[in-house]
Amino acid sequence: MTWPCVKGTIILKAGNPQEEDGALDYAAGILKNGGVVAFPTETVYGLGANALDPQAVEKIYRAKMRPADNPLIVHVTGMEQVKELVRFIPGEAAVLAGHFWPGPLTMIFNKKNLVPDITTGGLPTVAVRVPAHPLALKLIARAGIPLAAPSANLSGRPSPTTAEHVLEDMAGRIAAILDGGPCSVGVESTVLSLLSSPPVLLRPGGVTLEKLKDVLQTEIRDLTAGQTVDFKGTPPSPGMKYRHYAPRAPLYLVEGEGPEQKRRLAALSENFTRQGYRVGLILFEESEGLFSAPVVKVLSSRREPHLAAERLFAVLRCMDSLDVDVIVAEGLHEQEMGRAVMNRLRKAATKIIKAT
Ligand code: TXA
Ligand code: MG
């Protein structure tokens, strides 16, 4: 089998059963030998390596240019593998695993010594999840090792939801990409810590806070509400203090709902246009037609935030490829998947305007 190759990075197509077996074998071989392979999950593409091999994990940090204190999520096939990595599984974690695994929920546990410090950015805790993408599960099983995998973007850039996005950032930096087509959820997993009481939401994501509360029937402390990257002191999750998900053009996020939000969006967009900038607008369907600009991308209806999540990172990358000078984005309510969408937009933003 010959696979296409860009700057030394092999693209392993796994779109049909014939291609899949050979692609998985090749990818698993690289992983077993301490190499790095990007692979699809239901949320975004991950940059995988053997979580228990410090040298393999070091290659992930280097490929991503990721700060060494930002820990990685370890991907496993199920509870049996979790038990090998962590000291103790709180009852609530077992309940949530039963409901949401495989799926976009990451939980924080106290780690065993077997998990190297580099994987956890020096923390005594480890983040673990069971991804729901069949290729991810098959790859972990075939490699026979837990896979440390951050999102497969260069640090600070929008997360990749297609193999093409991974290639934009990683060609020549990693051995291979397992191409399983576009990701369905579109934003990363929810990160939850059950190590304190009440449990703490560290990153909103594919499993909504509402669903977690429904299952646990307890309060969950949301440390991410209204969060920007301007963190005072030590953040509870290292990822919280870094600017993320950012397209190259500066992004102005206009938060709020109703007429004041629309007025501010129009004023900003007109101002930039008058100054000679090529403006890219990110809007919801309900506002389409109210504004015009050289580039307009619609995420979804305001009533379907899960569709906005699915499209968000692709739209941010698209703004780069369409060469806009400045992006003006419309904010959304912070309920259900709207919470994850707003979290990512805030972290991508250069400036946030509160129009409420
Ligand atoms: O959906 C996802 O979670 C994707 C796919 C590939 O699985 N992965 C992902 O990884 O988003 P990454 O590295 O981009 O984000 C991991 C987040 C970071 O914000 C990091 O700070 C946090 O999880 N994290 C990891 N280990 C932690 C720990 N021990 N304590 C607190 N936060 C942790
Ligand atoms: Mg990431």
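The figures here come from the full heavy-atom set of this structure, side chains too, leaving out hydrogens, waters and symmetry mates. For ligands, and for the atoms within them, numbers begin at 1 and follow the listed sequence. Values in this document were obtained by computation on a predicted structure and should not be read as measured data.
Not a single heavy atom of P104 sits less than 4.0 Å from an atom of ligand 1. The closest approach between H75 and ligand 1 falls below 4.0 Å for a heavy atom of the residue.
Checked by distance only, ligand 1 and S189 come closer than 3.5 Å through their nitrogen or oxygen atoms. Close N/O approach between N70 and ligand 1 is found [any backbone or side-chain N/O within under 3.5 Å]. Below 3.5 Å of separation, one finds an N or O of R203 facing an N or O of ligand 1.
With hydrophobic clusters built from ILVMFWY side chains whose heavy atoms lie under 4.5 angstrom apart, V36 shares a cluster with L154.
Neither the backbone nor the side chain of T120 has any atom closer than 4.0 Å to an atom of ligand 1 (non-hydrogen atoms only). At a 4.0 Å heavy-atom cut-off, ligand 1 touches T125 through backbone and side chain alike. Residue P150 touches ligand 1 through backbone and side chain together, judged by heavy-atom distances below 4.0 Å. Of the heavy atoms in K64, none comes closer than 4.0 Å to ligand 1.
Each of the atoms 8 (N), 9 (C), 10 (O), 12 (P), 14 (O) of ligand 1 lies under 4.0 Å from some heavy atom of S151. Each of the atoms 28 (C), 29 (N), 30 (N) of ligand 1 lies under 4.0 Å from some heavy atom of L123. Counting atoms of ligand 1 from 1 in the listed order, those under 4.0 Å from a heavy atom of A149 are 6 (C), 8 (N), 10 (O). Near T43, the atoms of ligand 1 lying under 4.0 angstrom from a non-hydrogen atom of the residue are 1 (O), 2 (C), 4 (C), 5 (C).
Few gaps surround CZ on F291; more than 12 heavy atoms of other groups in view lie less than 6.0 Å from it. Atom NZ of K111 is surrounded by more than 12 heavy atoms from other residues, nucleotides or ligands within 6.0 Å. Heavy atoms from other residues, nucleotides or ligands lying under 6.0 Å from NZ of K262 number more than 12. Counting heavy-atom neighbours within 6.0 Å of R278 CZ, excluding the residue itself, gives a total above 12.
When side chains are defined from C-beta on, L316 counts as touching I282, because their heavy atoms get closer than 4.5 Å.
When only modelled atom types and interatomic distance are considered, S184 and E42 share no side-chain donor-acceptor pair under 3.5 Å. Counted by atom type alone, T190 and R129 present zero donor-acceptor pairs between their side chains at under 3.5 Å. Side chains of T77 and Q81: a donor-acceptor N/O pair is present below 3.5 angstrom, by distance only.
Between E84 and K112, none of the side-chain N atoms (NZ, or NE/NH1/NH2) sits under 4.0 Å from a carboxylate O, so this pair counts as no salt bridge.
At least one N/O/S atom of S151, from backbone or side chain, sits under 2.8 Å from the Mg ion (ligand 2).
For atom 6 (C) of ligand 1, the choice among G46, A38, C183 with the nearest heavy atom turns out to be G46.
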